[in-house]
Amino acid sequence: MHHSIFESAEARGIFKDERFLYPEYIPEKLPFRESQIAEIAGSLKPLLRNGKPQNLFIFGPSGTGKTVTARYVLRELEEYASKVKGIYINCFEFHTRNAVLNKLCLALGNAVPRRGLASDEIYNEFVHALKVKNVAPIVVLDEADQLIRDKTASQLLYDLLRITELHSIHLGIMLISNIRDTLAMLDDRVRSSLSALTIEFNQYTPEQLKQILHERARNAFFEDAIEKDVINLAAAQAAKCSGDARIAIESLLAAGRIAEKEGAKKLSVVHLKKAFERIKPRALEKASPHLDSCEKEILKIMCEHEKIFSGELYKAYCSRCKQAISERSFRDKINRLAELNILSVRGATAEIRGRTREIMLAQPKEAIIELLKGD
DNA sequence: AGTCCACAGGAACTGGTGGTGA
DNA sequence: TCACCACCAGTTCCTGTGGACT
Ligand SMILES: Nc1ncnc2c1ncn2[C@@H]1O[C@H](COP(=O)(O)OP(=O)(O)O)[C@@H](O)[C@H]1O
């Protein structure tokens, strides 16, 4: 009998199928999101009979299932009617009018160059592709706050709204954000013609988290390969992190891998606790692929200071960097890191005088150091 | 009250990149 | 091939402002 190196001699392993714990996995059922699913589906349903859909604004804290719910509904609609085409865009990656239009064209199979073309030309290309392909598009702009910071965001939404008016192609727009007043930054006219229906995603309670995890774990692990308290502990940890289901699911996956590596027969709370140490806080997890070298340098400096004033921080940065950016750009970097909830910034109080700002890390230092490893 | 310091942030511009069309 | 144009991150130049010090 041949033994592959992927099988240890006796153990059959812990995972029945670990894919059920992958972040991109979309479950068959989403417990406790039935009403949101119904509301989203109901809003978009008119597309099925060439009608005008209700645009949506979805907000709630991290890990409350906004993304997975949106994808779930898109999948259902696409399966039901092949005309419907869900286009999912993460605005961390595509955060300007041009970049989003580019991605929209790509999604319809019309690759256009990343640079060199005017936005209007890409827009025309997109409209053309829509007509030719005869699809009913639903555009999902996830992490929409990253887009709406940009001055071109209003123009982009105006473009999308105009498609309906000028070409009578109906198009659904779904904006997702964890900030309640994301839309406030939009142009008044665009906001009112968008007239998005707001759907709120609340934090999961510990009890709800437990049930969600049970469901996912049942498919992912062999039934007798997981100690009873593991799920409860994972749920409790997620509850601590403001009800973030992603933390819990990621921890289970990491714990299972640790257990298999150790050759354990059962996944225990010890494995899970080890996994917790490896899980990044959500703000860092989301932002880390999108930080540039300057922002990383700022974080490096911040690891050495409990708190520091803005002017001092810039001086410290200049003394370390050969090619330092200007002080003006530096301020924008600080503001971005603050918006990402990685830095916290306080201005004018009793102790902080003048117009300077006091800057601190908003995330655990250890997690930042971990993130900066490898460069 | 007036002035200055030190910084915030708006607006206009620039330079690198990479298209188009003659 | 070579003007010419668009995008966009970053720069330059600027005005605004809270508090300290006259
Ligand atoms: N009701 C649910 N049932 C099953 N899994 C869920 C549920 N809600 C969230 N999840 C899972 O939690 C993780 C985080 O969800 P996500 O949609 O990314 O949250 P958000 O977009 O709100 O930050 C994903 O892996 C998702 O599959």
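Labels below follow one simple rule: chain letters A, B, ... track the order of the sequence lines, proteins then strands, and each chain is numbered from 1.
Between A:E295 atom CD and C:dG10 atom P there is a gap of 8 Å when expressed in whole angstrom units. Atom CG in A:L117 sits about 9 Å away from atom C1' in B:dG18, given to the nearest Å. Between the C1' atom of B:dT20 and the CG atom of A:D120 lies a distance of 15 Å, rounded to the nearest Å. One interatomic measurement links the two molecules: CZ of A:R357 to P of C:dG19, which rounds to 15 Å at whole-angstrom precision. Protein atom CG of A:N335 is 8 Å distant from nucleotide atom C1' of B:dG9, rounded to whole Å. The distance from atom CZ of A:R336 to atom P of B:dG9 is 16 Å, rounded to the nearest whole Å. In this structure, OH of A:Y123 is placed 15 Å from P of C:dC7, rounded to the nearest angstrom.
Of the possible donor and acceptor atoms, none in the side chain of A:Q155 sits under 3.5 Å from a partner among the backbone N and O of A:T152. A donor-acceptor pair under 3.5 Å links the side-chain atoms of A:S326 to the main chain of A:S329, judged by distance alone. The closest donor-acceptor contact from the side chain of A:Y317 to the backbone of A:I325 lies under 3.5 Å.
Residue A:K333 is classed as a sugar-phosphate contact, given heavy-atom separations below 4.0 Å to backbone atoms only.
For the segment residues 88-109 of chain A, no residue has any heavy atom less than 4.0 angstrom from an atom of DNA chain B.
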Please produce a list of atom pairs where a protein N or O lies less than 3.5 Å from an N or O of nucleotides 11-14 of chain C.
{"unit_1": "C:dT11", "atom_1": "OP1", "unit_2": "A:S326", "atom_2": "N", "d": "3.3"}
{"unit_1": "C:dT11", "atom_1": "OP2", "unit_2": "A:S326", "atom_2": "N", "d": "3.0"}
{"unit_1": "C:dT11", "atom_1": "OP2", "unit_2": "A:S326", "atom_2": "OG", "d": "2.9"}
{"unit_1": "C:dT11", "atom_1": "OP2", "unit_2": "A:S329", "atom_2": "OG", "d": "2.5"}

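Taking the centre of each ring, A:F221 and A:F15 come in below the 6.0 Å mark.
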